[in-house]
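Report on the structure given below.
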Amino acid sequence: MIETLIDRIASGDLAPGAMLPSEGDLGAELGVSQGTARKALMDLERRGIVRRRQGVGTFVTARTPESALFHFFRLRNPDGSHAAPALEEENVRRRRSLKEEREALFGKPDHVFEIERVRSVDGRRLVHEVSVVPAALFPGLSERSPLPNTLYVLYQHAYSIAIVQANEQIRAVSGKPEVCARLRVAAGLPLLRVDRTATDLSNRTVELRTSHFMTEEHCYAVALT
């Protein structure tokens, strides 16, 4: 049942923000008990795919700019508050995929879109990002540039690709000259490197992202539950 609901959401049959049938109606429609339907909805809610409003109903999670930004952008101010990034520079290009990208991304794409961006906080350049996505899943992406600050909202609303999980590897590095030049700091400055693998509702790897953060006055916050 869960797979059926995910397929309907991923296909766009159940659009972001759409209200799902009641547990009883959903169970009858899919040929399962109301209890099974309830458990399936609870699991989808736990995974962030739907949200339940007491006394109202269950809705497909819609990524708004604010929710997507603060869910996946982890930089925090010294007082622990969210750091709100602004887009400073962007370059989107279509190119042939590298061997490691073909092996990791869904569909083993021959071509990808590379999105290079520089983001600032309070006027200071703090983040350099390079995101790589399969070209076949994001047709015409380069023609949409400049892209919105929150890419995952675009992915969901323009391409029906909802990012539900991002696995990251974090390490301290010495900034490469080309990255430091974009951040307008001296080459070799210590930076925090975050390599992200993002998956969608159908458990497809649809984005690889490498980000470099300046964290002298900020921190990269992760909540463990």
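Atoms considered below: every heavy atom in the structure, side chains included; atoms not considered: hydrogens, waters and symmetry mates.
Using a cutoff of 4.0 Å between basic side-chain nitrogens and carboxylate oxygens, E114 and R96 are not scored as salt-bridged.
The local environment of CG in N91 is crowded, with over 12 non-hydrogen atoms from other residues, nucleotides or ligands closer than 6.0 Å.
With D110 contributing its side chain and S97 its backbone, the two residues share no donor-acceptor pair below 3.5 Å.
With 3.5 Å as the limit, one finds a donor-acceptor pair spanning the side chains of E88 and S120.
Each salt bridge (charged side-chain N to carboxylate O under 4.0 Å, His left out) pair with one or both residues in residues 15-24, not counting sequence neighbours, appears once here: E23-R38, E23-R52. Applying the side-chain hydrogen bond (donor to acceptor under 3.5 Å, both in side chains) test to every pair with at least one member in residues 180-191, sequence neighbours left out, gives these pairs: E89-R182, E116-R182. Applying the ring-ring contact (aromatic ring centres under 6.0 Å, His included) test to every pair with at least one member in residues 99-121, sequence neighbours left out, gives no pairs at all.
In this structure, the side-chain hydrogen bond (donor to acceptor under 3.5 Å, both in side chains) partners of E103, at least two apart in sequence or on a different chain, are K99. The side-chain hydrogen bond (donor to acceptor under 3.5 Å, both in side chains) check on R144 picks up Y159, with sequence neighbours excluded. Applying the side-chain hydrogen bond (donor to acceptor under 3.5 Å, both in side chains) rule to H212 yields no partners; only residues at least two apart in sequence or on another chain are considered.
Inter-residue side-chain proximity for Y220 and E168 is flagged as met; some heavy-atom pair is nearer than 4.5 Å. Side chains of L137 and L105 form no contact here, defined as non-hydrogen atoms less than 4.5 Å apart.
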